[in-house]
2 protein chains.
Amino acid sequence: MTPSPPSRPCCAPLLTDALSNEEVSRLAVLFRVLGEPTRLHLLRLIAAQPGGEVCACDLVEPLGLAQPTVSHHLKVMYDAGLVERDRRGTWIYYRIVPGAIALLRDALT
Amino acid sequence: MTPSPPSRPCCAPLLTDALSNEEVSRLAVLFRVLGEPTRLHLLRLIAAQPGGEVCACDLVEPLGLAQPTVSHHLKVMYDAGLVERDRRGTWIYYRIVPGAIALLRDALT
DNA sequence: CTCCTATATTGACATGCATCGATATAGCCT
DNA sequence: AGGCTATATCGATGCATGTCAATATAGGAG
């Protein structure tokens, strides 16, 4: 998997530079992931942890949703490259990918 | 209804501190507006104009979509407070609302 | 090996939404 | 008035997606 364009890491500023259709699509995917209140809550819960990571088991109850639903949203965020996971025994810990948020923020410059 | 459940105080840097459910929903609405490639293209087209505004008639052809489709997306962006419009005779000019993008960028800090 | 817990996946359902053609509205011009 | 252009709205259609119960998978503990 080497979809990275040679020119830039991901995306240049959205409103100023010339972006390829793939860059626009990639940005849209990331923004759409954030375009769900449930996933925004998830992101905030993960970011809120002191160590920057949180066990998936601690995400179900605060959201008030079924476990498969939470798992689904975590997968969406994982597939989008927004979070990374780390299995430690029975539990799986999620972290926000460093720079993923900054990438979006830079696109809005 | 008490909005904020401060069970997990958590770190504030990523998506700001304690947000009410309404604030999270509002952010999600804005992100979802950007979560469509067509609307991202529209935003870039509007931002690319020298005067910062563009006639709606100049947005249909570059997108390659039907006129009602473009009008629909412009309405979505307008309802979300992302763009403002200004009728000038037969034509309607769209501008990006000042600070709308910055608001989202600040939310990602 | 057998339970138990944690997480993911599947299948189904309902809702949301992007898109279009057809039509309506609005404003200019002659 | 009538005709023309620009834009919005309506109605329909097909696809994407959020949600859940049920089930599968994975790993630890006894």
Side-chain angles (χ1 to χ4, degrees), chain A residues 21 24-46 49 51 53-96, chain B residues 21 24-46 49 51 53-96:
Chain A
N21 281 359
V24 171
S25 296
R26 163 133 182 79
L27 278 178
V29 167
L30 287 170
F31 280 128
R32 176 154 39 191
V33 171
L34 298 186
E36 282 296 334
T38 298
R39 289 195 283 263
L40 274 190
H41 275 123
L42 272 175
L43 209 66
R44 297 188 63 237
L45 282 171
I46 300 175
Q49 305 307 314
E53 63 182 8
V54 61
C55 172
C57 60
D58 290 330
L59 294 174
V60 174
E61 192 225 291
L63 286 179
L65 294 174
Q67 177 266 326
T69 303
V70 177
S71 184
H72 162 70
H73 285 301
L74 287 172
K75 176 180 172 54
V76 170
M77 296 167 72
Y78 177 81
D79 290 343
L82 221 63
V83 299
E84 53 192 8
R85 57 188 165 198
D86 177 22
R87 171 152 231 153
R88 221 168 296 162
T90 309
W91 300 274
I92 299 185
Y93 290 84
Y94 280 87
R95 289 182 302 276
I96 296 182
Chain B
N21 282 358
V24 171
S25 296
R26 163 135 183 81
L27 277 178
V29 166
L30 287 171
F31 280 128
R32 173 151 32 186
V33 171
L34 298 186
E36 282 296 334
T38 298
R39 288 195 284 263
L40 277 189
H41 275 123
L42 271 175
L43 209 66
R44 299 188 61 239
L45 283 172
I46 299 176
Q49 304 307 315
E53 65 181 7
V54 61
C55 172
C57 60
D58 291 330
L59 294 173
V60 173
E61 191 227 289
L63 286 179
L65 293 175
Q67 178 265 329
T69 303
V70 177
S71 185
H72 162 72
H73 286 301
L74 287 172
K75 176 179 172 55
V76 170
M77 297 167 72
Y78 178 81
D79 291 342
L82 222 61
V83 299
E84 54 191 8
R85 57 188 165 196
D86 178 22
R87 171 150 232 151
R88 222 168 297 160
T90 309
W91 301 274
I92 300 185
Y93 290 83
Y94 281 85
R95 288 182 302 276
I96 297 182

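Lettering follows sequence order; numbering is per chain, from 1.
- Taking atom CD1 of residue I92(B) and atom P of nucleotide dT25(C), one finds them 15 Å apart after rounding to whole Å.
- The nearest whole Å value for the distance from the NE2 atom in H73(A) to the P atom in dT7(C) is 17 Å.
- R39(A) places no side-chain N or O within 3.5 Å of a backbone atom of H41(A) that could act as its donor or acceptor partner.
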Practice task
Apply the test side-chain contact (heavy atoms from CB on, under 4.5 Å) to residues M77(A) and I96(A): give CA-CA distance (whole Å), side-chain angles for both, the deciding distance (0.1 Å), then the verdict.
Solution key: CA-CA 9 Å; M77(A) 296 167 72; I96(A) 296 182; over 6 Å; no

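- Here dA6(C) presents its C1' atom at 11 Å from OH of Y93(A), a figure rounded to the nearest Å.
- The distance from atom CG of L42(B) to atom P of dT19(C) is 10 Å, rounded to the nearest whole Å.
- For G89(A) and W91(B), each mapped to the nucleotide of DNA chain D holding its nearest heavy atom, the one lying further toward the 5' end belongs to W91(B).
- One interatomic measurement links the two molecules: CG of D58(A) to C1' of dT5(C), which rounds to 14 Å at whole-angstrom precision.
- Heavy atoms from other residues, nucleotides or ligands lying under 6.0 Å from CZ of R44(B) number more than 12.
- Using a 4.0 Å heavy-atom distance criterion, Y94(A) is classed as a sugar-phosphate-only contact.
- In terms of modelled atom types and a separation under 3.5 Å, the side chain of Q49(A) and the main chain of L45(A) share a donor-acceptor contact.
- Looking at heavy-atom distances under 4.0 Å, R85(B) makes contact with sugar-phosphate atoms alone, never a base.
- Whole-Å rounding puts the L40(B) CG to dA18(C) P distance at 12 Å.
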Identify all pairs in which a protein N or O lies below 3.5 Å from an N or O of nucleotides 20-26 of chain D, and state each distance.
| residue | atom | partner | partner atom | Å |
| --- | --- | --- | --- | --- |
| dC20(D) | OP2 | A66(A) | N | 3.0 |
| dC20(D) | OP2 | T69(A) | OG1 | 2.7 |

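- Taking atom CG of L63(B) as the reference point, atom P of dC20(C) lies 10 Å away to the nearest angstrom.
- Between the side chain of R87(A) and the backbone N or O of G89(A), at least one donor-acceptor pair lies under 3.5 Å.
- When distances are taken from the side chain of C57(B) to each of dT7(C), dA6(D), dT19(D), the shortest belongs to dA6(D).
- Residue R39(B) is in sugar-phosphate contact alone, with no base atom involved, counting any heavy-atom pair closer than 4.0 Å across all strands shown.
- Residues V60(B) and L65(B) share a closest heavy-atom pair of CG1-O, 3.5 Å.
- Of the candidate nucleotides dA8(C), dT7(D), dG18(D), dG18(D) has the atom lying nearest to any side-chain atom of E36(A).
- What separates CG of L74(B) from C1' of dA18(C) is a distance of 14 Å, to the nearest Å.
- The nearest pair of heavy atoms linking V24(A) to P37(B) is CG1-O, 4.0 Å.
- Of the candidates dT19(C), dA6(D), dA8(C), dT19(C) carries the atom nearest the T38(B) side chain, counting heavy atoms from C-beta on.
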